[in-house]
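Working notes, structure below.
One-based numbering, in listed order, for ligands and for the atoms of each.
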Amino acid sequence: MRRNHPSLLWATGSVLLVLMAVWAMPRFNLFTEGSGELLVLHLIIELFSVFVALLVVVMAWNVFTDENRSTSRTLIFGFSVVAGLDLMHAVSYPGMPDLLTPSSTPKAIFFWFLARAFDLLTFWLLALGVRLPGQRWHALAVAVGVLAVVFAWGTWCLDWFPTTYVPGEGATTLNGQIDLLLLAGYWAAAWVFVRSTHSLRNRYLAWACFLMGLAQLLLNGFADTGDVLLFFGHVLKIAAFALIFKGTFWLGLRAPYNLLQQSEQQLRSKQTELDTLLSRIPAGLARIDVAGRYVYVNQRLAQRLGQPVEHIVGRPFGEVIRPERNATVGQHLSLALSGQPTGYEGQTYLVNGEPNHATVWMAPEHDSAGQVVGVIAVVLDVTEQRRLQQDLAHSMHEIAELKAALDAHAIVAITNAQGIITSVNDKFCEISQYRRDEVLGQSHRIINSGHHSEAFFRDLWQTISSGNVWTGEICNRAKNGSLYWVHTTIVPFVGKDGLAEQYIAIRADITKRKQAEQDAQRMALHDALTDLPNRRLMAERVSQAIAHAVRDKHVSALLLLDLDHFKEVNDTLGHAQGDELLRAVANRLRASVRQTDTVARLGGDEFVVLLTDIAPDMAAATAAASDWAEKMRAQLARPYELHGEPVIATPSVGVVLFGSATDDPEEMLKQADMALYKAKAGGRNQVCFFDPSLQAEVNSRTSLLRDLRAAVELDQLRLLYQPVVDRARRVLGVEALVRWQHPERGLVSPAAFIPLAEQSGIILQIGEWVLDTACAQLSAWADDPVRKAWTIAVNVCARQFNEATFVATVEAALARAGANPAHLRLEITESMLQSDLDSTITKMRQLNDRGVRFSLDDFGTGYSSLSYLKLLPLDQFKIDKSFVDDILNNRKDLAVAKTILGLASNLGLGVVAEGVESAAQYELLATYGCEAFQGYLFCKPVPVEALPRQSSI
Ligand SMILES: Nc1nc2c(ncn2[C@@H]2O[C@H](COP(=O)(O)OP(=O)(O)OP(=O)(O)O)[C@@H](O)[C@H]2O)c(=O)[nH]1
């Protein structure tokens with residue numbers, strides 16, 4: 001509406017101006033009625049209207065587009081009628097030559113009114129958008145019909161039309177009323193045009209209607225045909241027709257032209273858009289004509305071909321592409337030109353020499369008649385795609401290999417989120433012994449061994465269902481009921497919602513390792529020889545037994561058993577037989593206890609029996625334990641049969657009872673050991689109970705041992721020397737004897753500390769010290785004229801001699817002191833010769849080769865086999881003091897001494913008699929050939945300073 005305001009203002013302004021002009025203007029006749037000028041002018045004006053109306057018709061006939069056809073029918077009909085009627089009006093104007101009937105003002109007015117009625121009708125049809133049916137020629141034919149009727153009416157039947165003009169009086173009232181009616185009709189039409197679409201045409205037509213109305217206003221009430229108002233009215237009509245022409249011309253000629261321009265513009269922009277699109281799409285495009293020439297290539301293809309677009313277009317493909325592609329491209333082009341779409345993929349090289357993969361499609365292009373006019377080719381670079389495909393294939397291959405490797409080595413199962421097995425590999429079936437169809441659809445419960453607690457599986461599910469990896473060891477049960485262990489890793493596959501969708505379980509068979517672990521664990525807690533629990537397990541069992549005993553208020557007993565002289569079995573029958581005996585002992589012990597009791601081997605020939613809950617109180621327990629212990633002692637004391645030979649191995653048994661919370665396993669074992677010690681000391685093959693008085697004895701042993709350990713470092717050991725003399729009492733050498741000078745205990749006798757030193761191993765340290773000291777002494781005597789020929793005899797105990805490093809230790813001592821090995825004499829005992837004789841001989845020979853000499857100490861007290869004596873590099877025998885002591889009264893002792901002397905003589909060895917305390921002993925021994933003597937008769941063991949300074953005593 002706002003856009004119409006200026007028009008409305010103009011219209012209102014024009015109306016007011018015209019009305020004011022008409023009002024103010026003096027009325028006069030411009031032309032004399034019927035004058036020639038008037039006629040010519042009127043004719044020109046009307047012919048102009050006719051011309052314009054005909055132009056409109058011609059334009060509507062030819063130019064209007066299809067959608068305006070209906071409008072064009074209205075225009076053709078309306079303006080054909082108007083042109084005809086205006087022509088009739090002009091021709092019938094008074095003064096014009098007569099046409100069939102005389103020209104007259106009423107006749108001219110009749111045709112005028114009808115002409116206006118039809119142009120008003122046409123305006124309304126256009127304003128209301130009424131579309132006339134039929135074809136253009138229908139509209140023209142109806143118009144011609146109407147004209148014929150109206151012409152006939154105006155020519156011959158004018159009387160039928162009301163009088164609108166009276167000559168001499170002018171226009172009638174009716175004339176004025178018709179004018180006003182027309183005016184109203186025009187302006188109403190103008191208003192409808194304004195209110196309808198705001199097209200340019202409608203605006204022109206609105207103005208035309210308005211001017212036509214205005215013309216009718218001027219024509220209203222004109223006096224005669226020469227009236228100035230009549231003239232102005234016609235002028236306005238010309239103006240109105242000019243506007244009609246303008247409006248219809250715009251619609252009919254300008255608008256299509258504009259449309260054309262617009263279309264061209266759109267076409268151009270579409271073309272640009274298309275070009276941009278075609279150059280941007282990730283494919284090369286080409287149109288090739290039937291002659292194989294490029295009609296179009298997009299930028300991408302041109303780049304690919306390495307030439308600018310303008311160089312390619314118009315040239316045959318063979319000149320543009322690489323020569324080696326000619327055959328393939330030509331072949332497919334021919335196929336496409338034959339009307340068959342085709343495509344291929346191939347490798348080529350780009351201008352920069354890079355290899356390139358492309359897929360090419362060729363499709364025939366047809367014209368409207370269906371003839372093939374060319375080919376559209378699409379070239380798609382698939383290098384990256386191929387590379388990805390290759391990578392993918394490679395990855396797939398790798399995954400397949402990985403899977404194969406996994407399947408070959410791991411047990412794999414996949415389950416859904418609910419734990420239902422959806423896939424298993426062959427290994428799974430192999431180890432579980434289930435067929436694949438037996439496990440698919442089942443949960444892992446099918447292989448549950450019952451070994452693990454519910455909490456174990458709860459924890460597992462909690463871990464994996466929250467998206468975490470679970471790793472652990474699981475014991476499963478195979479179909480045949482056997483158990484197998486797997487190291488398991490369960491990996492959840494988490495979906496987009498963060499929840500596990502499926503699980504993959506990868507397992508490794510660790511049954512063997514588990515078995516080994518269990519074996520190792522068993523070995524750690526059991527004795528390999530007898531398969532009895534060992535010391536560690538026994539300690540645990542004792543702790544448990546203490547707890548039970550306290551809880552149940554029962555007394556239990558711990559028995560410590562040690563075979564008597566087992567060492568002799570080893571020594572005489574061999575270690576293997578010793579083992580056999582230990583196993584037999586273990587079996588007898590096992591067989592003689594209840595299931596709830598425990599038999600353990602502590603080591604060597606020591607066994608422990610734990611008898612739980614034997615009685616409710618100590619008195620009863622003592623009796624019960626005594627019975628048990630006696631029973632066991634008797635069982636073990638029965639002869640054994642080792643390789644057909646009967647062997648006796650009695651046990652000594654130490655018993656300790658327990659039942660209070662303060663009992664400590666280690667302490668109890670010590671107490672049992674004390675009782676055992678007592679049994680051994682009491683003559684063996686007997687049972688002794690632990691008695692607190694034993695404790696004191698043990699304590700004193702312990703403190704002695706503690707002091708002994710420190711003795712060497714604190715320099716508390718002393719070496720005494722006892723001379724060895726010949727028959728003329730000339731000193732041949734000395735025997736070194738160790739003593740312990742304790743600050744509080746005083747001089748401790750060797751009998752008190754040497755066994756303890758041997759048991760505890762301190763003897764090694766002491767032995768080394770003795771060797772060092774003796775060698776140093778030899779070295780010190782090297783320049784002494786009296787003592788330089790003396791030998792020093794050093795006692796070597798079994799433990800020391802059996803050390804693998806014994807030879808090296810002696811050599812090192814000699815080397816350190818720079819002593820002459822020939823002056824060192826090592827005294828070994830018979831018992832040392834009973835085990836591993838070969839090694840003994842080797843060691844002795846090694847040292848003997850260096851010059852060291854050997855004496856066999858205490859000869860006659862042991863079980864020396866005479867046969868091997870000759871194998872040993874011995875230098876002398878020593879007759880034990882026990883034979884010398886009673887040699888004067890005891891014939892047997894004398895016989896032994898004589899035998900030794902005889903044997904030595906036969907073997908070419910020397911003999912030293914020990915413990916010679918009286919001259920009678922000395923003389924008797926000398927009588928039987930003894931050449932060397934040692935004893936209080938000559939000299940007690942004395943410090944080096946107290947040794948005689950002269951060569952004889
Ligand atoms: N055959 C065999 N002998 C062993 C084994 N372990 C230790 N021995 C030997 O067992 C012997 C234990 O000796 P002891 O108990 O100290 O002494 P014994 O000869 O039994 O004398 P008493 O116990 O004092 O009556 C030593 O000779 C060890 O070498 C073993 O596993 N097998």
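With respect to atom 22 (P) of ligand 1, the closest heavy atom belonging to the protein is K680 NZ, 3.3 Å. With hydrogens left out, the protein atom closest to atom 17 (O) of ligand 1 is K567 CB, 4.4 Å, a heavy atom. When only non-hydrogen protein atoms are considered, atom 12 (C) of ligand 1 lies nearest to D605 OD1, 3.9 Å. Counting only heavy atoms of the protein, atom 11 (C) of ligand 1 lies nearest to F566 CD2, 3.8 Å. Here the protein heavy atom with the shortest distance to atom 29 (O) of ligand 1 is N570 ND2, 4.2 Å. Nearest protein neighbour of atom 21 (O) of ligand 1, counting heavy atoms only, is H565 N, 3.5 Å. Residue, atom and distance of the protein heavy atom nearest to atom 6 (N) of ligand 1 are G604 CA, 3.2 Å. Among all non-hydrogen protein atoms, the one lying nearest atom 5 (C) of ligand 1 is R601 NH2, 3.8 Å.
Under the side-chain contact (heavy atoms from CB on, under 4.5 Å) test applied with V770, the options I763, V794, N795 reduce to a single match, V794.
Atom CE of M523 is surrounded by 12 or fewer heavy atoms from other residues, nucleotides or ligands within 6.0 Å.
Ligand 1 places these atoms under 4.0 Å from at least one heavy atom of G578: 1 (N). Close approach to D564 involves these atoms of ligand 1, each under 4.0 Å from a residue heavy atom: 25 (O). Ligand-side atoms of ligand 1 in range of L563: 20 (O), 23 (O), 25 (O), range being under 4.0 angstrom from any heavy atom.
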>> side-chain hydrogen bond (donor to acceptor under 3.5 Å, both in side chains), that's the test. Do S855 and R825 meet it? Break it down for me.
In response: CA-CA 7 Å; S855 297; R825 182 185 289 283; 3.2 Å; yes
>> The test is side-chain hydrogen bond (donor to acceptor under 3.5 Å, both in side chains); show your working for S652 and D562 and say whether it passes.
In response: CA-CA 5 Å; S652 295; D562 186 287; over 6 Å; no
>> Between R590 and N587, is the side-chain hydrogen bond (donor to acceptor under 3.5 Å, both in side chains) condition met? List the steps.
In response: CA-CA 5 Å; R590 245 193 302 249; N587 287 340; 2.9 Å; yes
> Run the side-chain hydrogen bond (donor to acceptor under 3.5 Å, both in side chains) check on H742 and D707 step by step: do they pass?
Replying inline: CA-CA 8 Å; H742 191 275; D707 288 357; 2.9 Å; yes
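Under 4.0 angstrom from ligand 1, the non-hydrogen atoms of L582 all belong to its side chain. Here D579 has heavy atoms under 4.0 Å from ligand 1 in both its backbone and its side chain. Looking at R684 against ligand 1, only its side chain comes within 4.0 Å, counting heavy atoms. At a 4.0 Å heavy-atom cut-off, ligand 1 does not touch V569 at all.
Considering backbone and side-chain atoms together, L529 places no N or O closer than 3.5 Å to any N or O of ligand 1.
Classification of E803 and R799 as a salt-bridged pair fails, no side-chain N sitting under 4.0 Å from a carboxylate O. For the pair D597 and R594, the salt-bridge criterion is met [side-chain N within less than 4.0 Å of a carboxylate O]. Looking at D531 and R522, a side-chain N of the basic residue comes within less than 4.0 Å of a carboxylate O on the acidic one, giving a salt bridge.
Using modelled atom types and a 3.5 Å distance limit, the side chains of Q934 and K878 yield a donor-acceptor pair.
Per-atom contact check: atom 1 (N) of ligand 1 touches the protein, criterion being a heavy-atom distance below 4.0 Å.
H554 places a side-chain N or O within 3.5 Å of a backbone atom of D552 that can act as its donor or acceptor partner.
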